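First comes the structure, then the notes that go with it.
Keep in mind that this is a model prediction, so the values were computed, not measured. Numbering of ligands and ligand atoms starts at 1, following listing order.
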Amino acid sequence: MDMALGRWLSIAAPVRAALADGQPVVALESTVIAHGLPRPQNVDVARAMEAAVRAEGAVPATIALLDGRIVIGLSNAEIERLATEDGVLKASRRDLGAALARRATAATTVAGTLACAALVGIRVFATGGIGGAHRGAAQTFDISADLTELARAPIVTVCAGAKAILDLPLTLEYLETQSVPVIGLATDELPAFYSRTSNLPVPHRAETPQAVAAIALAQWQSGLGGGLLVTCPIPAEHAMPTAQMERAIGDALAQAQARGIRGSALTPFLLAQMSERTGGESIAANRALLLNNATWAARIAAALSAAALSAAAR
Ligand code: PSU
Ligand code: MN
């Protein structure tokens with residue numbers, strides 16, 4: 001790493017070693033910890049995601065900005081700090097430079113995490129739900145920078161689709177425009193976070209982590225570059241009834257409208273409203289899908305490492 005970058009970036013020793021050896025590494029985001037889940041469950045979920053990655057033989061790298069440095073691989077104490085401290089910012093890619101310059105502490109969104117992970121060559125990232133086109137985006141233009149960063153960073157992102165607080169058809173359209181391949185893992189449909197299905201077909205399907213790795217390697221080794229989005233449905237035993245969720249979403253959106261919540265505050269507001277309106281059950285579902293995604297991401301990272309190492313040995 002060059003000196004200039006070293007000033008702004010710290011890589012945890014196990015992450016650095018794994019990257020140097022071509023061993024599997026999985027990036028994890030931090031906005032879900034600081035702004036997506038309530039305390040105290042957020043700390044527990046963050047640690048459990050790391051454990052799920054390790055259980056598959058990969059190295060977790062939770063990413064955030066701490067006191068003006070990009071940290072790739074937070075320690076337990078750093079995760080705790082991010083989960084409990086007040087005033088932690090939410091940083092998408094556009095916010096990173098300004099946050100670094102003023103030595104801020106910030107959780108990184110999917111877009112922010114992808115941008116940071118790409119700096120150090122991490123190839124796989126696990127999250128819960130991606131940001132997307134909000135309902136009404138045709139008027140407001142509120143489309144998450146997650147969708148453009150998914151196109152830019154050469155990383156496989158594993159998610160459970162997107163929450164139905166968003167406009168899912170519009171989100172898929174925008175991913176198509178950005179040329180992000182959406183790959184259903186053993187599914188033909190875009191999962192809708194709490195639900196396994198949405199009736200919206202995804203363009204590609206893969207049955208195994210090895211099949212996902214093969215698509216990613218073809219895209220990267222051919223020089224096409226860019227990212228890929230893998231969607232894993234929530235485990236069936238944790239899926240939630242759609243009608244109940246739709247009522248909560250309707251109420252949450254009405255509150256946001258009434259209070260004039262817009263811009264980067266909108267997603268955290270809707271997430272908080274949803275957790276209030278659906279109670280503990282949605283938190284348990286959220287936890288289950290995050291751990292599931294971390295597990296599959298680690299398996300994809302292992303498949304990518306194995307394929308790259310065997311190619312190098314040939
Ligand atoms: N969706 C969720 N949980 C989350 C987020 C989205 O179900 O925690 C977070 C992610 O970090 C995502 C961000 O990248 O919200 C999107 O924010 P925005 O819509 O402002 O881009
Ligand atoms: Mn937005």
Go through T105 and R81 one step at a time and tell me if the side chain to side chain donor-acceptor pair (under 3.5 Å) criterion holds. CA-CA 10 Å; T105 292; R81 179 180 161 196; 3.1 Å; yes
Working note: E50 + T62, criterion side chain to side chain donor-acceptor pair (under 3.5 Å); need CA distance, chi angles, decisive distance, verdict. CA-CA 8 Å; E50 292 205 333; T62 302; 2.7 Å; yes
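Atoms of ligand 1 found under 4.0 Å from any heavy atom of F193, numbered from 1 in the order shown, are 7 (O). Residue L271 has at least one heavy-atom neighbour below 4.0 Å for each of these atoms of ligand 1: 2 (C), 3 (N), 4 (C), 5 (C), 7 (O), 8 (O). Atoms of ligand 1 found under 4.0 Å from any heavy atom of D146 (numbered from 1 in listed order, with element): 12 (C), 14 (O), 16 (C).
Ligand 1 has no atom lying under 4.0 Å from any heavy atom of H35.
In the model, T109 has no side-chain atom that pairs as donor or acceptor with a side-chain atom of E29 under 3.5 Å. Checked by atom type, the side-chain pair H134/T267 shows a donor-acceptor distance below 3.5 Å. No side-chain N or O of T148 forms a donor-acceptor pair with one of R93 less than 3.5 Å apart.
Between T197 and E189, the shortest heavy-atom contact is CB-OE1, 3.1 Å.
At a 3.5 angstrom cut-off on N or O pairs, T108 does not count as close to ligand 1. At a 3.5 angstrom cut-off on N or O pairs, S264 does not count as close to ligand 1.
With distances taken over non-hydrogen atoms, the option nearest atom 11 (O) of ligand 1 out of M274, H134, E29 is E29.
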